[in-house]
Amino acid sequence: HRHLLGIEALRPEEINTLLDLADSYAALNRQPDKHADALKGLTQINMFFENSTRTQASFEIAGKRLGADVMNMAMQASSVKKGETLIDTALTLNAMHPDLLVVRHPQSGAVDLLAQKVNCAVLNAGDGRHEHPTQALLDALTIRRAKGRLHRLSIAICGDIAHSRVARSNIMLLGKMENRIRLIGPPTLMPAGISEFGVEVFNDMNEGLKDVDVVMMLRLQKERMDGGFIPSEREYYHRFGLDADKLSNAKPDAIIMHPGPMNRGVEIDGTLADDINRSVIQDQVEMGVAVRMAAMDLLSQNLRLTRGAE
Ligand code: CP
């Protein structure tokens with residue numbers, strides 16, 4: 001592949017190849033010297049048109065550990081504020097010969113559009129409610145390391161599914177790897193026609209969490225609710241927030257995941273989030289760096305091959 005725009009285009013064997021490479025980078029990241037030279041001589045530009053802590057920091061660290069020259073565009077201070085369009089901004093940066101563009105944008109499809117206009121590799125760091133492929137890949141690596149496999153697991157994705165690019169990418173990835181996926185949340189936060197994706201849908205946490213291996217919680221994404229129905233946080237926590245009582249329905253060794261940012265006391269009890277025997281939330285962050293190193297390494301190999309052939 002020339003770009004990493006979504007999980008949709010990836011085959012299971014390609015996902016496994018990427019996760020294997022990410023596993024080796026996870027080992028490197030625990031060494032005193034964390035450097036490799038897979039991106040040596042290459043230029044990486046991070047363009048985040050939407051807020052981020054984990055994704056932006058880990059893409060920057062990943063690029064630097066692999067030897068790239070990394071530049072973070074401060075989009076809030078850029079000429080976008082003077083009315084320059086996304087495409088004109090991308091073309092301007094493209095003229096500076098970057099090799100890797102990492103893009104987050106509030107509109108679904110914006111990153112795909114941008115990828116058609118530039119001649120470097122583009123990585124989608126989250127576009128609207130469409131896809132967040134590196135998040136699904138880091139979640140997959142976290143599950144594989146915790147459970148020893150990434151197939152035939154029962155996985156519950158809970159909360160605001162309708163507005164979540166994380167849920168969408170995870171449903172595709174975990175489905176491709178032949179897992180059983182349960183979606184749990186209020187009907188108002190469930191996308192229309194979702195059962196066509198081969199998932200089971202529940203509106204009750206106790207029922208949906210029965211005997212699952214993995215519990216993945218999601219934040220209420222109010223920024224994408226377009227003035228529509230926003231549930232009361234108190235009521236939401238009561239019915240859909242993960243607490244010890246609801247978790248007791250899952251398998252005794254079920255792991256707790258959350259992509260972050262997390263709202264304690266809204267979708268998850270803070271004590272559970274911090275429980276190192278159950279929660280792998282910090283492992284997800286750690287795997288984020290390794291997966292992004294692997295993704296940029298593989299794309300840069302393709303880039304060098306394509307350029308060599310031109
Ligand atoms: N999970 C995730 O994408 O977090 P950020 O928005 O902080 O990057």
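When a ligand or atom number is given, it counts from 1 through the structure's own listing order.
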Going by heavy-atom distance to atom 3 (O) of ligand 1, choose the closest among E50, R219, H132.
H132
Just distance, no hydrogens or angles: give the donor-acceptor pairs under 3.5 Å from side chains in residues 133-145, sequence neighbours left out.
from: T134; atom 1: OG1; to: R292; atom 2: NE; distance (Å): 3.2
from: T134; atom 1: OG1; to: R292; atom 2: NH2; distance (Å): 3.1
from: Q135; atom 1: NE2; to: D139; atom 2: OD1; distance (Å): 3.1
from: Q135; atom 1: NE2; to: D139; atom 2: OD2; distance (Å): 3.4
from: D139; atom 1: OD1; to: Q284; atom 2: NE2; distance (Å): 2.8
from: D139; atom 1: OD2; to: N170; atom 2: ND2; distance (Å): 2.9
from: T142; atom 1: OG1; to: L138; atom 2: O; distance (Å): 2.7
from: R144; atom 1: NH1; to: D20; atom 2: OD1; distance (Å): 3.1
from: R144; atom 1: NH2; to: D20; atom 2: OD1; distance (Å): 2.9
from: R144; atom 1: NH2; to: D23; atom 2: OD2; distance (Å): 3.2
from: R145; atom 1: NH1; to: D23; atom 2: OD1; distance (Å): 2.5

Hydrophobic clusters here meaning ILVMFWY residues chained together by side-chain heavy-atom distances under 4.5 Å, can you tell me if I161 and V266 are in one?
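No: no chain of side-chain contacts under 4.5 Å links I161 to V266.
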Please identify which atoms of ligand 1 are closer than 4.0 Å to at least one heavy atom of T55.
2 (C), 3 (O), 4 (O), 5 (P), 8 (O)
What residue and atom, counting heavy atoms only, is the protein's closest point to atom 4 (O) of ligand 1, and at what distance?
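Result: R54 NE, 3.0 Å.
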Which heavy atom of the protein is the closest neighbour of atom 7 (O) of ligand 1, given with residue, atom name and distance?
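Looking only at protein heavy atoms, the one closest to atom 7 (O) of ligand 1 is T53 N, 2.8 Å.
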R165 and salt bridge (Lys or Arg N to Asp or Glu O under 4.0 Å): which single residue from E131, E8, E50 fits?
E50
Heteroatom proximity flag, G260 to ligand 1, N/O under 3.5 Å:
yes
Can you tell me if T306 and R2 form a side-chain donor-acceptor pair at under 3.5 Å?
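Note: T306 and R2 side chains miss the donor-acceptor criterion.
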Exercise: identify the closest heavy-atom pair between L66 and M293
CD1-O, 3.4 Å
How does R104 reach ligand 1, if at all, at less than 4.0 Å between non-hydrogen atoms: by side chain, backbone, both, or neither?
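Within the 4.0 Å criterion, R104 contacts ligand 1 through side-chain atoms alone.
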